[in-house]
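Counting starts at 1 for both ligands and their atoms, in listed order. The first residue in the sequence is number 1, and the count goes up from there. Please read these numbers as outputs of a predicted model, since none were measured by experiment.
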Amino acid sequence: MPVTVVVGTQWGDEGKGKITDLLSEAADMVVRYQGGNNAGHTIVVEGQRFALTLIPSGVLYPQVTPVIGNGCVIDPAVLLEEMATLKSRGIDPSRVRISANAHLIMPYHRKLDAVMERFLGRHQIGTTRRGIGPAYLDKFSRQGIRVQDLFDPKIFSEKLETVLKDKNKQLVRIYNSLAMEPGPIIEEYLKFAALLRPHVADTSLMIWEAIRDGKNIILEGAQGTLLDIDHGTYPFVTSSHPTAGGAATGSGIGPKAIDNVLGVTKAYISRVGSGPFPTELTNEIGERMVKLGSEFGTVTGRRRRCGWLDIVALRYSVRVNGLTEIALTKLDILSNFETLRVAVAYRSRGDRYEHFPLQQRVLYDCTPIYEDLAGWNEDISGIREFEDLPIEARRYVEYVEDAAGVPVTIVSVGPDRSATLRRR
Ligand code: GDP
Ligand code: IMO
Ligand code: MG
């Protein structure tokens, strides 16, 4: 399948990095289509760990052209540092291509992200404080500064000075914070411009040409379906479109160019930051998931909230993304539980919900209706053939597949690239 979208079906951290890397062996181009350095995508190859935030997870393969699409927001300092880190580890970052239309994360975005969260107090979203929301806000209010603006110092300075007047009013008058000077920002960003210049390209045209030539292309999403600005648990979401529709706009191709939509689903579920979470476990079982699954954020180090797999949410994800297949990750972590539970519906105020509810209130006050499945209580992390898994583990995978109505084509049993079982 020439064009495949890789999308998270939960609240992020499903293992998109691992799966994208795995599929990249056969890819020519891997495109990130949204988000920024709020993402943390981990790849492990023969014990070597790579944590990527902006650069697509295909970068480890020399034949892959990694592309940062127009739908992303770029913090240039972070991107340059990520490229330098890769270089120091023997991976050539000169291939990275960046859309001229991607928006820049500016210092005032980071500052506003922090003060806006502080202002919200106990209502805070729990953002990564990387300036993501404020950068997308500027994009949509048409105050954003794009990568291409860096290459015209006059336009860049004019845009910056205009927008900074507005931002300083907000910082000083609303958030009781200090104003920022344009001079140092201009100086810093024009230095970035020179370093980024060789990487900037018409990425939409590049992808179009690659499709025309029958190349294999992966469109890699960040975050997850339930963090989507439209389809997620608003306002506890990120400010972009992780869902498959975002892959088309965020990379600059038409929706009919997409052949395959692969949803990455963790065998249980996690969430960082605030917001509703019906199957959350605040008990010893949840604690064990955090510990065994090393559920701490790649970007912020925050502890991830954990709970049983939520089939209601998964079916929703199948629907809003048009999933054609699923990669089920971290099945090995479930080896440590006697009985496994999956939520098949929610109950709230006497009503039963089989579909993701219309009103978000339900997600807060519902009780999940669980089905119990037998655990397997043996280490499966060394298994490489699906047929060699204990019968209970196979049943778990088949259960997920039946409930989702979409084939589970990949099962992951460990962080390493090799700890993967392919089906069909
Ligand atoms: P992403 O944001 O979706 O790319 O996921 P993260 O990289 O933030 O989080 C997934 C974590 O689980 C990383 O530390 C991965 O190395 C790890 N991981 C991925 N797949 C598996 C798996 O099948 N088993 C185990 N034990 N860990 C995995
Ligand atoms: P990957 O790609 C998990 C969460 C934040 C917060 C909300 C909004 O690694 O799966 P933002 O900084 O984006 O404005 O924060 O979204 N969040 C993530 N949670 N994985 C991610 O990325 C996330 N990126 C953002 O914790 O709740
Ligand atoms: Mg992550």
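Between Q10 and ligand 1 there is no heavy-atom distance shorter than 4.0 Å.
Contact atoms of ligand 2 toward D13: 1 (P), 3 (C), 9 (O), 10 (O), 20 (N) (distance under 4.0 Å to a heavy atom of the residue). Those atoms of ligand 1 with a heavy atom of T298 less than 4.0 angstrom away are 8 (O). Atoms of ligand 2 lying under 4.0 Å from at least one heavy atom of K16, given by number and element, are 1 (P), 2 (O), 10 (O). Counting the atoms of ligand 1 from 1 in the order shown, those under 4.0 Å from a heavy atom of V413 are 23 (O), 24 (N). Near A222, with a cut-off below 4.0 Å to any heavy atom, the atoms of ligand 2 are 2 (O). Of all atoms in ligand 2, numbered sequentially from 1 with element shown, those under 4.0 Å from a heavy atom of R302 are 5 (C), 26 (O). Each of the following atoms of ligand 1 lies closer than 4.0 Å to a heavy atom of S412: 20 (N), 21 (C), 22 (C), 23 (O).
Counting heavy atoms only, G40 comes closest to atom 8 (O) of ligand 1 of the residues A39, G40, P415, S57. For atom 11 (P) of ligand 2, the choice among T53, V237, T233, T238 with the nearest heavy atom turns out to be T238. Looking at K266, K18, K330, it is K330 that brings a heavy atom closest to atom 11 (C) of ligand 1.
An N or O contact shorter than 3.5 Å links E14 to ligand 1 by distance. Residue contacts with ligand 2: G40 is placed with a nitrogen or oxygen under 3.5 Å of a nitrogen or oxygen of the ligand (distance criterion only). The distance criterion of under 3.5 Å between nitrogen or oxygen atoms is met by G17 with respect to ligand 1. Inclusion of G414 in the set of residues having an N or O under 3.5 Å from an N or O of ligand 1 is warranted. Ligand 1 has an N or O atom lying under 3.5 Å from an N or O atom of G15, backbone or side chain. Here's the thing with T127: none of its N/O atoms is less than 3.5 angstrom from an N/O atom of ligand 2.
For R305 and F277, the positive end is not near the middle of the six-membered ring at less than 6.0 Å and at most 45° from its axis.
What sits closest to atom 25 (C) of ligand 2 on the protein, heavy atoms only, is Q223 CG, 3.7 Å. The closest protein non-hydrogen atom to atom 4 (C) of ligand 2 is L227 CD1, 4.0 Å. Atom 5 (C) of ligand 2 has its closest protein heavy atom at G126 O, 3.5 Å.
Side-chain contact of T279 with R341: a donor-acceptor pair under 3.5 Å is absent, judged by distance alone. Side-chain atoms of D138 and H103 include no donor-acceptor pair closer than 3.5 Å. A donor-acceptor pair shorter than 3.5 Å can be found between the side chains of T225 and S317.
Residue pairs satisfying the salt bridge (charged side-chain N to carboxylate O under 4.0 Å, His left out) criterion with at least one member in residues 82-93, sequence neighbours excluded, are absent.
When heavy-atom distances to ligand 1 are checked against a 4.0 Å cut-off, Q223 has no atom that comes that close, whether in backbone or side chain. Contacts with ligand 1 closer than 4.0 Å are made by heavy atoms of both the backbone and the side chain of T42. Under 4.0 angstrom from ligand 1, the non-hydrogen atoms of D13 come from both its backbone and its side chain.
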Report task. Before giving the answer on side-chain hydrogen bond (donor to acceptor under 3.5 Å, both in side chains), spell out for R361 and S348 the whole-Å C-alpha distance, their side-chain angles and the decisive distance to 0.1 Å. Result -> CA-CA 9 Å; R361 160 196 70 77; S348 163; 3.2 Å; yes
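Protein N/O/S atoms closer than 2.8 Å to the Mg ion (ligand 3), listed by chain and residue number, are D13 OD1, G40 O.
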